Number of protein chains: 2
Amino acid sequence: MTWSSLEPVPATALGDVITERLRRMIIAGDVPAGAHLAEPRLAESFDVSRGPVRDALRRLESEGLVVVRRRKMFAAGLTTDDVVELYAIREAVETLALRLAHDRAADADWGEALDALATMRRAADAARYADYAHADLAFHTSFYALSGSRRLLDIWRQYEPTFAVLLEITNAEDVDLGPSLASHVAILETARAGRVDEAVVELQGHLLGARTRMVHALSRLDTGRAATPPDGEIPA
Amino acid sequence: MTWSSLEPVPATALGDVITERLRRMIIAGDVPAGAHLAEPRLAESFDVSRGPVRDALRRLESEGLVVVRRRKMFAAGLTTDDVVELYAIREAVETLALRLAHDRAADADWGEALDALATMRRAADAARYADYAHADLAFHTSFYALSGSRRLLDIWRQYEPTFAVLLEITNAEDVDLGPSLASHVAILETARAGRVDEAVVELQGHLLGARTRMVHALSRLDTGRAATPPDGEIPA
DNA sequence: TTACAGTCACCTGTTAACAGTTGACGCAAC
DNA sequence: GTTGCGTCAACTGTTAACAGGTGACTGTAA
């Protein structure tokens, strides 16, 4: 018997499943922005009761993918403006995380970041985009983990699934992963060398590049998606 | 008939009430950090069913006041380290908010901030600490609102109640509100004059001062509160 | 044709109950 | 005395049902 995951018990709460599926549907635009997300309808559509749906909506609300207006839940969707906003916030918090991680670097170790980087290198060589994206996020997560700030990690985890789905969707594009990899190497090595201000600048440049690619990919993906269609119902 | 609040319908969801009461109890230390927050026990204690309690726990989890470990909820409490952490995060996001607000200042107006400032001045003159704290938070909220970033406002609203309770608790102290008021005036006037870099520096200095006072007040308040007592049950 | 009123369907907030699981306590065997 | 096992209580995840309220639709009257 081989148990790959030791931490989480068999645990796959139904609410988590609904959260993930609904999140993907909203980001991908399967649920049009502005659509009213009524609990009974969603519950029937996912073939569960209202409880897990309620949990999912609460969670997605804290992720910013669902907004509540007059006690009703509506899909928020992701416009290119939202992506710009997300990257601006990420720059602010990840910069802080990197600085804090650096401050604690004495007793902390960059092992996780190095592991992620190795995985990224292998994925890049094999052009395995999904694996690369996964390792990419793990790399950045390691900064938050190393920062020692639980709340900073919480904020990141709040938006990390959105970035994950975005990366996954936009990675249909045929991009050369080389520059991205080099950028990550530069950030980590500069930080490990103790030149944290320089590393922050590298990070900002990296995020700017990622944002630009993301915005282009997204606007190419759904040219017709408006900022806020008046209303709508979920397709099926 | 006089209706003071026009926006929110009679709306006072039971879950919101539980959230507020539980939040206050955790921050004040009435619920010891590390205590297991079992739904049935809390539900009976608040004389409601598990539903609203569940909502409250989910909300407080996103605020960082409750942590989930092996599917169970535990009170996180607030140590002085947490306060330092909170102010670090706040500096990062509020700085961004101030910059974004400044960028949009052409079509935006600082009316809300000015109103809050006027209220603060009156409260300071009358030494009404609670009113001052309230207006203080409204002042800062206006920056996030003016930033035009919904998610930035969301992050602030996530932690704003914690700051509110902290201010309320620590304001038992007899402090001169003059310097705080002057600090707020300086931030706003500098920003309105378009010298945003200078305003950011003012803001950072202001937050540092606030943090210092908060840490002192808190450590004076509960000298005996440890970082993580092993476990415990809620008192009553 | 338009304005108003009544009806009706839907949705949210809330509650109680059921099922599976986990952790603890106690008892018995070695 | 210690170790292993069985029982049991408590908790989380989940579901179905009830109550109040809101908005839309329709029919009627001016």
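Values in this document were obtained by computation on a predicted structure and should not be read as measured data. Letters go in sequence order (proteins before strands), and every chain restarts at 1.
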Take atom [atom1] of [X] and atom [atom2] of [N], then tell me their distance rounded to the nearest Å.
X     : N      : atom1 : atom2 : answer
A/D16 : D/dT12 : CG    : P     : 15 Å
B/F74 : C/dG23 : CZ    : P     : 10 Å
B/L42 : D/dT12 : CG    : C1'   : 13 Å
B/R70 : D/dT12 : CZ    : C1'   : 13 Å
B/L14 : D/dG20 : CG    : C1'   : 14 Å

Pair listing, salt bridge (Lys or Arg N to Asp or Glu O under 4.0 Å) test, anchored in residues 132-145 of chain B, at least two apart
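Every pair satisfying salt bridge (Lys or Arg N to Asp or Glu O under 4.0 Å) with a residue in residues 132-145 of chain B: there are none.
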Contacts of B/F163 that satisfy ring-ring contact (aromatic ring centres under 6.0 Å, His included) - sequence neighbours left out
B/Y87, B/W156
Can you list everything that forms a ring-ring contact (aromatic ring centres under 6.0 Å, His included) with B/H184? Sequence neighbours excluded, please.
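Checked B/H184 against ring-ring contact (aromatic ring centres under 6.0 Å, His included); matches are B/F139, B/H140, B/H206.
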State whether a side-chain donor-acceptor pair under 3.5 Å links A/Y132 with A/T119.
no
Qualifying residues under side-chain contact (heavy atoms from CB on, under 4.5 Å), relative to [X], sequence neighbours excluded:
X      : answer
B/A133 : B/L167, B/N171
A/T162 : A/I27, A/E63, A/L65, A/L78, A/L86, A/L166
B/D131 : B/A123, B/R128

Residues that B/R213 engages under side chain to side chain donor-acceptor pair (under 3.5 Å), provided they are two or more places apart
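Counting only residues at least two positions away or on another chain, B/R213 forms no side chain to side chain donor-acceptor pair (under 3.5 Å).
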Quick one: which protein N/O atoms are closer than 3.5 Å to N/O atoms of nucleotides 10-12 of chain C? Pair and distance per line, please.
{"unit_1": "C/dC11", "atom_1": "OP1", "unit_2": "A/R41", "atom_2": "NH2", "d": "3.2"}
{"unit_1": "C/dT12", "atom_1": "OP1", "unit_2": "A/H36", "atom_2": "NE2", "d": "3.4"}
{"unit_1": "C/dT12", "atom_1": "OP2", "unit_2": "A/E39", "atom_2": "N", "d": "3.0"}

For DNA chain D, find the residues of residues 56-63 of chain A with a heavy-atom distance under 4.0 Å and give them by number; none if there aren't any.
none
